[in-house]
Protein chains: 2
Amino acid sequence: MAIRITTSDYRALAELRYRIRHFLSESDYAARRVGLEPQQYLLLLAIRGLPADADPTVRVLAERLGLRHNTTVELINRLEVRGYVHRKRDVEDRRHVLVLLRQSGEKLLERVARQRITEVHTRGAELVQAMTAVLGYREMLPKTSKKRGTRQPVNTS
Amino acid sequence: MAIRITTSDYRALAELRYRIRHFLSESDYAARRVGLEPQQYLLLLAIRGLPADADPTVRVLAERLGLRHNTTVELINRLEVRGYVHRKRDVEDRRHVLVLLRQSGEKLLERVARQRITEVHTRGAELVQAMTAVLGYREMLPKTSKKRGTRQPVNTS
DNA sequence: GGTAGTAATATCGTAATGCGATATATTGGA
DNA sequence: TCCAATATATCGCATTACGATATTACTACC
């Protein structure tokens with residue numbers, strides 16, 4: 001049943017990760033330059049760039065960041081201590097906590113985003129190109145057994 | 001001088017991150033299921049999938065993972081303790097340390113990679129599509145505003 | 001209205017991650 | 001030989017992340 005995984009397969013997976021990682025580390029670096037931890041930048045971005053129909057609750061943000069809710073709570077704590085965001089109880093449903101940007105947070109976010117926007121369009125194209133190259137190296141991979149399809153969802157949210 | 005960053009810009013950046021994050025977290029999850037931390041899986045993968053012309057030294061692996069060398073050293077330490085890799089001094093240049101997979105490490109890596117290979121081909125295509133959509137979200141707009149238009153179109157050649 | 005169950009957030013303990021600064025060993029020249 | 005560059009390792013510290021558990025608020029159902 002087990003199809004042998006070749007060195008080419010491993011190289012493709014590794015190369016894909018390498019490309020993505022280096023694309024993202026530009027942004028990590030940009031964040032650190034303005035004194036933000038990478039994850040902190042991502043939280044600020046997630047709030048500011050939330051889809052129009054969503055509220056910035058802890059749970060929603062956790063889902064957007066691909067994190068557990070408790071990890072997100074602590075991330076918010078650190079940003080609140082630094083004065084970049086603040087919490088506001090949702091009056092509609094008092095279980096919900098809305099996480100809102102403060103001026104200082106928005107400022108920092110903007111400084112990182114400004115550097116990223118052009119960057120993303122130039123390097124992003126490279127990344128997409130590299131990804132299609134890597135992904136297309138074996139388009140005709142035979143379908144594996146049915147069992148493999150029973151995968152659990154990543155998030156409990 | 002500063003061009004205003006719009007909500008659409010933030011949404012695009014956030015959406016891009018969301019897509020990438022969820023694509024990657026599948027792999028984090030697959031790694032954790034076999035008892036590997038995400039980064040540990042990536043180190044094993046980096047070793048096994050290293051380009052043919054490279055040696056698995058600490059520095060090379062750090063570069064492939066996009067990490068500082070000292071972070072990589074500690075990651076290797078943890079994997080060595082668990083018996084998944086071992087170190088070997090390079091006899092050519094005794095400053096170099098070669099990081100080699102042990103059987104157990106290779107086994108675990110294979111289990112994760114096996115789940116990822118098909119996954120990457122299906123979800124990867126989705127990701128690429130989403131990325132081009134996000135990256136090109138303004139490419140379709142009329143190029144009236146010259147300021148914004150200074151961005152290069154995606155070159156797929 | 002009361003109660004059980006569900007949902008959202010928070011807290012605690014612990015391990016992994018990651019960096020800057022610094023230390024040590026090795027190599028390859030001047 | 002001596003010195004600068006290179007490679008790895010160590011130390012201290014903050015951040016990240018998770019599982020388990022607690023607390024508060026809402027919702028059904030009786």
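Every value quoted in this text rests on a predicted model; they were computed, and no experiment measured them. Each chain gets a letter, A, B and so on, in the order the sequences are listed, and its residues count up from 1.
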Relative to A/Phe23, does A/Arg116 satisfy both conditions: NZ or CZ under 6.0 angstrom from the six-membered ring centre, and within 45 degrees of the ring's axis?
yes

Determine, for nucleotides 17-29 of chain D in 5'-to-3' order, which nucleotides have protein heavy atoms under 4.0 Å from the base (write B), from only the sugar-phosphate (write S), or from neither (write -).
BBBB----BS---

Below 4.0 angstrom, N of the basic side chain to O of the carboxylate: do A/Arg21 and B/Glu63 qualify?
no

Salt bridge A/Asp9-B/Arg48, side-chain N to carboxylate O under 4.0 Å
no

Which atom pair, heavy atoms only, marks the closest approach of A/Arg89 to A/Arg95?
NH1-O, 3.4 Å

In whole angstroms, the gap separating P of C/dA15 from CD of B/Glu37 amounts to 12 Å

CZ-OG distance between B/Arg11 and B/Ser8, expressed to the nearest 0.5 angstrom:
6.5 Å

Of all of residues 43-65 of chain B, which get a heavy atom below 4.0 angstrom from DNA chain D, listed by number?
B/Thr57, B/Val58, B/Arg59

To the nearest 0.5 Å, atom CZ of B/Arg59 lies from atom OG1 of B/Thr72 at 9.0 Å

Whole Å only: how far is the CG atom of A/Leu42 from the P atom of C/dG18?
14 Å

To the nearest Å, give me how far apart CG (B/Asn77) and P (C/dA15) are.
17 Å

With a non-hydrogen cut-off below 4.0 angstrom, is A/Val97 in contact with a base, only sugar-phosphate, or nothing?
sugar-phosphate

Taken to the nearest whole Å, CD/B/Gln40 to C1'/C/dG18 is 14 Å

Atom CD1 of A/Ile5 and atom CZ of B/Arg111: how far apart are they, to the nearest 0.5 Å?
12.0 Å

Taking atom types as modelled, find out whether A/Arg33 and A/Gln115 have a side-chain donor-acceptor pair closer than 3.5 angstrom.
yes

Nearest whole angstrom, please: distance from the P of D/dT15 to the CG of A/Leu79.
10 Å

Rounded to whole Å, please give me the gap between CG in B/Leu98 and C1' in C/dT26.
15 Å

For residues A/Pro56 and A/Leu61, report the shortest heavy-atom separation together with the two atoms involved.
O-CD1, 3.9 Å

For A/Lys88 and C/dA8, give me the distance from atom NZ to atom P, rounded to whole Å.
19 Å

Using a strict 4.0 Å threshold on nitrogen-to-oxygen distance, state whether A/Glu119 and A/Arg123 make a salt bridge.
yes

Here the helical stems involving DNA chain C, each at least 3 consecutive Watson-Crick or G-U pairs closer than 3.5 Å, sorted by first residue number, are C:1-30 with D:1-30

